[in-house]
Amino acid sequence: MEKGAVSGVEPGTGLTELLPQGGDRLRRAAEFVAVPAFALLVAAALFSAVLLGMGQSPLAFFELLWRGAFGSAFSWQNTLQRAAPLILTALCVALPARAGLMVIGGEGAFVVGGLAAAIAPLPFLGLAPAPVLLALMAAAGMLAGALWIGLVGVLRHRRGVNETISSLLLTYIAVAVLSFLVEGPLRDPATPNKPSTHPIGADVMLAPIPGTSVHWGLVAGIVACVLAHLLISRTSTGFAIRIAGGNPRTALGQGLPVGKLIVLCCLLAGGAAGLAGFFDVATVHGAANVSLVAGYGFTGILVSFLARHNALAIPPVAILFGGIGAAGGLIQRRLGLPDATVALLEGVIFVTLLTSETLYGRFALFQPRAARPRP
Amino acid sequence: MSNEALSFTSPGAIALEAIGLSKRFGSFKALDDVSLKVPAGEFHALLGENGAGKSTLVKCLMGFHRADEGAVLLDGREVSVRNPREAQGLGLGMVYQHFTLVPSLTAAENLVIARRDAPAVIDWAAERRRIEAFLDRTPFRVPLDRRVGALSAGERQKLEILKLLYLDQRFMILDEPTSVLTPAEADEILGHLKAMTERGEITVLMITHKFREVQAFADAVTVLRRGRVVGGGRGLSTREMATMMVGEAAATAGASGKAALPERRAMPASVGEPALELAGLFAEDDDGRPALRGVSLKVAAGEIVGIAGVSGNGQGALVETCCGQRPLSSGQMFVNGRDFLPTRRAFDAAGLFVVPEEPLKNAAVAGMSVADNIVFRRFEKPPLSRRGWWLDRRAIRAAGRELMTRFRVASPSPDTPIGALSGGNVQRAVLARELSAEPIAVLIVANPCFGLDFASAAEIRARIVAARNAGAAVLLISEDLDEVLDLSDTVAVISHGQIAYKAPIAEVDRGTIGIHFAGGSEGEQGAPLG
């Protein structure tokens with residue numbers, strides 16, 4: 001498909017003449033759309049082969065996928081509901097990635113954020129109005145997440161600890177801490193079957209966006225993405241982050257505080273994932289329990305990669321993945337396929353996506369004109 | 001089949017002759033009609049400055065590069081070596097500057113896996129017997145069962161040579177084999193090789209910078225300069241070799257050398273107080289070995305101090321410590337008499353600017369645009385940022401465009417990622433960033449013209465001189481001795497992380513520089529110096 005597109009346009013004609021000035025920027029932008037789109041197509045083809053091997057019709061599968069994800073108002077709401085936490089956990093990958101760090105511990109920050117949000121209002125229940133308690137919960141969730149990933153940044157900066165490994169392992173610690181607290185000191189005795197913390201109460205919980213079942217986390221996520229985009233591309237701090245992430249040697253040679261920038265990105269990243277944990281508690285569970293460990297943090301990694309760590313691309317990609325998740329139930333029921341089928345699809349997408357990284361810069365169509373020899 | 005690896009007992013040093021080899025890289029002529037004759041059983045030394053073409057020559061012989069013109073004869077037969085494997089098959093072996101052994105394997109294991117015919121399942125007892133039998137016939141002793149990572153540099157170098165012997169490579173190319181060795185280790189290894197050449201078992205072609213070793217071991221010498229053979233033969237004195245290496249005309253020019261310099265370098269009215277002072281800088285390289293061992297240097301405003309030296313003698317670490325890319329283990333840096341720490345504020349306050357070598361690797365972000373790269377020094381200041389934090393992207397593009405014009409950076413647009421530009425244009429963009437500020441108090445420049453064509457190099461050198469004429473204290477670190485001599489008011493030589501020599505340009509004697517250049521104090525011992 002790519003090849004055809006390239007040979008279809010003569011070099012130096014058409015697009016170039018239409019866009020003599022801004023052509024290069026448009027070309028680069030087109031590359032960032034075309035390559036992931038191509039990767040998605042390849043993933044679909046590979047997954048079709050798997051389906052054929054299982055005796056299933058790929059057409060039926062993708063038709064159901066569409067219906068379950070975007071086919072009706074109901075499925076759209078389901079999709080958006082699942083997308084909301086993914087947007088925020090994807091930011092937990094994307095922000096450190098701009099500073100040159102590969103943090104994959106969003107799941108841990110999500111869990112500690114949710115835990116902190118569930119615990120923080122307990123002493124004040126009935127003493128303060130719901131909005132105040134919610135603000136307290138959100139602040140506690142963000143702070144806990146920020147410190148959790150901030151620790152990863154500090155370890156990396158001060159001790160040279162690999163941030164990918166440390167953030168992953170911290171996730172297991174986060175889950176263990178959650179289990180310990182909800183089954184031990186903080187357990188509500190009224191929850192015999194599913195150990196949880198004391199509920200915050202239905203009157204405190206955050207109502208969905210009026211007229212929908214979608215919660216406000218979606219709005220918060222989109223706002224966070226816009227803010228992150230502005231931070232990275234429009235502020236001097238973001239400029240410094242891009243230098244540090246693009247070439248740390250250059251950043252040091254320019255006297256930039258690389259360590260501080262790394263820690264800042266990690267704090268913001270953790271804050272985003274912690275905020276997602278807060279929304280999960282405040283809108284869905286009403287208390288902290290193992291339901292927080294639902295893999296949003298890990299799917300967020302996929303989302304961020306597919307968005308190429310570009311904050312503005314995260315919401316649409318998160319909606320795509322939210323849709324895949326939302327369609328899972330329908331696919332399971334109609335095709336009798338196991339629950340893990342959609343996880344397999346996500347995995348195939350992730351692999352083709354990572355592989356597609358090697359395609360950047362290979363197609364002349366997307367390259368700046370003067371990069372090739374002039375006649 | 002395994003006998004092939006052991007047929008070293010058969011006599012037979014190989015003779016090699018290269019006829020009229022030429023090799024171009026783009027517009028750069030790395031080798032220009034180079035002919036070289038090494039008879040069987042000779043110990044031949046190949047001398048030359050950095051960039052003289054020594055490495056290119058041996059890479060052509062070994063099949064890493066294909067020469068554009070010329071022929072290679074082995075024992076009088078013309079051969080075509082298309083890759084290093086074919087070279088190996090013909091009996092040509094090379095010891096590289098960097099070790100090629102596997103550190104986690106033992107010496108014996110390294111020897112066995114180096115064989116092209118190493119079997120899939122190895123009979124270690126048998127291999128072991130063969131290796132021991134083989135070692136009995138060589139003068140080198142290496143502990144066979146120790147992991148290579150635990151061997152000393154000398155033992156590793158012996159093992160590299162043993163590997164070539166084990167693979168029956170009877171024409172041996174050694175690329176600065178003693179640079180990591182102590183003089184005693186070097187003498188032992190070269191002594192054994194020398195004895196083997198005398199017995200007619202091998203032929204040796206050695207790249208070196210150390211005249212002492214040439215005098216002690218080499219039968220004959222070939223000197224390269226700027227890709228051409230400029231001399232050679234037998235029984236040359238150290239001074240004759242140094243003169244060939246650094247250039248005949250210039251070496252004899254002496255006092256008249258100054259007159260040959262470009263007219264633009266009129267001396268400033270007065271040479272001021274030291275604007276830059278390095279006081280006893282010590283630093284370690286990435287592996288924790290000493291890279292700088294007490295570098296002390298003063299550079300006055302309006303002065304260019306040029307540091308020459310063979311690459312790998314601490315130049316990289318010196319630039320890195322000055323600009324904050326490498327921590328100092330001790331020592332202090334002063335700018336205009338005040339203690340200097342490489343923070344962003346201090347760079348600005350001091351007016352210190354740095355153009356490191358390989359700008360794409362050290363001073364640019366490949367994925368960011370040319371305009372962005374050009375404003376790295378001042379993006380957070382008005383007018384490029386409003387109130388210090390909100391970028392004015394229009395102003396950044398305009399600033400980038402203006403400097404691209406002034407410094408003739410050829411780029412399709414200010415938005416093009418800098419990584420898409422040619423090396424010369426990246427260098428220009430970095431110079432635009434570091435040389436466009438006013439005033440420049442201190443300028444540190446490393447290998448500014450490396451790999452650039454002649455016109456770009458001349459332009460960049462003129463800009464450096466212009467900065468000096470405007471009152472900057474310039475520290476120029478270059479592996480091109482001619483560049484140092486052309487531009488500097490004061491010349492220094494760095495060797496083993498120390499300043500080995502320093503003199504005003506008027507008193508500089510090329511022969512002396514060459515000797516310090518080529519071995520520091522070690523060179524001095526063996527050199528008949530006046």
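Numbers restart at 1 for each chain; the letters A, B, ... are given by sequence-line order, proteins then strands.
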**chain B neighbours within residues 232-251 of chain A, where any heavy atom lies under 4.5 Å away** = A:Ser233, A:Arg234, A:Thr235, A:Ser236, A:Phe239, A:Ala240, A:Arg242, A:Ile243, A:Gly246, A:Asn247, A:Arg249, A:Thr250
**Asked** If contact means a heavy atom pair closer than 4.5 Å, which residues of residues 259-270 of chain A contact chain B?
**Response** none
Under 3.5 Å: donor-acceptor pair, side chain of [X], backbone of [Y]:
| X | Y | value |
| --- | --- | --- |
| A:Ser304 | A:Ile301 | no |
| B:Gln315 | B:Ile494 | no |
| A:Arg156 | A:Leu101 | no |
| B:Glu358 | B:Pro356 | no |
| B:Arg344 | A:Gln254 | yes |
| B:Asp68 | B:Arg24 | yes |
| A:Ser166 | A:Val152 | no |
| A:Thr164 | A:Met102 | yes |

If I measure from the heavy atoms of chain A, does [X] come under 4.5 Å with its side chain, its backbone, both, or neither?
| X | value |
| --- | --- |
| B:Phe347 | side chain |
| B:Asp372 | both |
| B:Leu360 | backbone |

Among [options], which residue has the highest count of heavy-atom pairs closer than 4.5 Å to chain A?
| options | result |
| --- | --- |
| B:Ser385, B:Ala364, B:Gly367 | B:Ala364 |
| B:Ala366, B:Ala363, B:Gly388 | B:Ala363 |
| B:Thr343, B:Asn362, B:Asp348, B:Leu341 | B:Asn362 |

**Complete:** Sequence neighbours excluded, the answer for salt bridge (charged side-chain N to carboxylate O under 4.0 Å, His left out) partners of B:Glu277 is none
**Message:** Nearest 0.5 angstrom please: B:Ile374 CD1 to B:Leu431 CG, how far?
**Reply:** 10.5 Å
**Prompt:** If you measure from OG1 on A:Thr352 to CG on A:Leu306, what distance do you get to the nearest 0.5 Å?
**Reply:** 8.5 Å
**Complete:** Nearest heavy-atom contact between B:Leu435 and B:Ala467 is CD2-CB, 4.3 Å
**Nearest heavy-atom neighbours spanning A:Leu86 and A:Gly300** = CD2-N, 4.0 Å
**Message:** Name the residue from B:Ile418, B:Leu421, B:Asn425, B:Val426 that meets the side-chain contact (heavy atoms from CB on, under 4.5 Å) definition with B:Ser411.
**Reply:** B:Leu421
**Asked** Would a 4.5 Å heavy-atom cut-off, applied to side chains only, mark B:Gln427 and B:Val355 as touching?
**Response** yes
**Asked** With side chains defined as the heavy atoms from C-beta onward, is the minimum distance between B:Asn373 and B:Val365 less than 4.5 Å?
**Response** yes
**Asked** Are there residues of residues 323-340 of chain B that reach to under 4.5 Å of chain A by heavy atoms, and which ones?
**Response** B:Cys323, B:Gly324, B:Gln325
